[in-house]
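The structure appears right after this line, and notes come after that.
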Amino acid sequence: MALQLRPNCEYCDKDLPFDAPDARICTYECTFCEECVQNRLHDVCPNCGGGFVPRPIRPRVARRKGVGLPHQPPSTERKHMKYSREDVAAFVAGVRDIPPEER
Ligand SMILES: [Zn+2]
Ligand SMILES: [Zn+2]
């Protein structure tokens with residue numbers, strides 16, 4: 001199954017199209033914008049506690065048979081955090097000082 005290319009930042013709802021250079025994902029594909037990851041989440045996913053990496057940009061044409069944007073298009077389902085911003089801030093504060101590889 002292909003990586004889900006989710007259309008927005010779960011925190012601030014910014015649009016993150018498939019080729020957005022500032023899209024960040026955690027290991028569960030939770031998707032946020034770079035600004036929220038840096039300034040609000042401090043590299044802590046509010047859903048799982050893991051760190052983030054830049055989301056890879058899927059090729060817009062099928063450069064190999066059966067792969068590429070025409071075959072695995074981006075998701076259109078907008079996601080939003082299921083926790084309040086206050087809850088997230090407290091969660092982040094308890095995890096941010098632990099390096100992702102030690103969480
Ligand atoms: Zn954001
Ligand atoms: Zn996560």
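Taking each heavy atom of Pro56 and Leu5 in turn, the nearest pair found is O-CD2, 4.3 Å. Closest of all the heavy-atom pairs between Asp13 and His80 is OD1-CE1, 3.2 Å. For the pair Gly49 and Val95, the tightest heavy-atom approach, listed with the atom from each and the gap, is O-CG1, 3.8 Å.
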Check residues 20-28 and write down every donor-acceptor pair under 3.5 Å in which the side-chain atom is one partner and the other belongs to a residue at least two apart or another chain.
{"residue": "Asp22", "atom": "OD2", "partner": "Lys14", "partner atom": "NZ", "Å": "2.6"}
{"residue": "Arg24", "atom": "NH1", "partner": "Pro21", "partner atom": "O", "Å": "3.2"}
{"residue": "Arg24", "atom": "NH2", "partner": "Glu34", "partner atom": "OE2", "Å": "3.1"}

Compile the donor-acceptor pairs under 3.5 Å between side chains in residues 57-71 and protein atoms, sequence neighbours left out, one pair per line.
{"residue": "Arg58", "atom": "NH1", "partner": "Gln72", "partner atom": "O", "Å": "2.7"}
{"residue": "Arg58", "atom": "NH2", "partner": "Leu3", "partner atom": "O", "Å": "2.7"}
{"residue": "Arg60", "atom": "NH2", "partner": "Asp19", "partner atom": "OD2", "Å": "3.4"}

ask   = Please walk me through it: do Glu10 and Leu16 pass side-chain contact (heavy atoms from CB on, under 4.5 Å)?
value = CA-CA 10 Å; Glu10 276 190 41; Leu16 294 171; over 6 Å; no

side-chain contact (heavy atoms from CB on, under 4.5 Å) between Lys79 and Thr31, worked out = CA-CA 8 Å; Lys79 297 240 181 197; Thr31 303; over 6 Å; no

message = Using the rule given for side-chain contact (heavy atoms from CB on, under 4.5 Å), can you reason through Cys12 versus Glu35, listing the C-alpha separation, both sets of side-chain angles and the distance that settles it, and then say yes or no?
response = CA-CA 9 Å; Cys12 73; Glu35 200 204 319; over 6 Å; no

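When hydrophobic clusters are built by joining Ile, Leu, Val, Met, Phe, Trp and Tyr residues whose side-chain heavy atoms come closer than 4.5 Å, directly or via intermediates, Tyr11 is grouped together with Val37. Phe91 and Ile98 fall into different hydrophobic clusters, where Ile, Leu, Val, Met, Phe, Trp and Tyr side chains are chained together by heavy-atom contacts under 4.5 Å.
Phe52 is linked by a ring-ring contact (aromatic ring centres under 6.0 Å, His included) to Phe32, counting only residues two or more places apart in sequence or in another chain. A search for side chain to side chain donor-acceptor pair (under 3.5 Å) contacts involving Arg55 returns nothing, not counting sequence neighbours. Under the salt bridge (Lys or Arg N to Asp or Glu O under 4.0 Å) criterion, Asp87 pairs with no residue, sequence neighbours left out. Qualifying salt bridge (Lys or Arg N to Asp or Glu O under 4.0 Å) partners for Arg96, counting only residues two or more places apart in sequence or in other chains: none.
The backbone N or O of Ser75 sits nowhere less than 3.5 Å from a side-chain atom of Arg6 that would complete a donor-acceptor pair.
The CZ atom of Arg40 sits 8.0 Å away from the SG atom of Cys9 when rounded to the nearest 0.5 Å.
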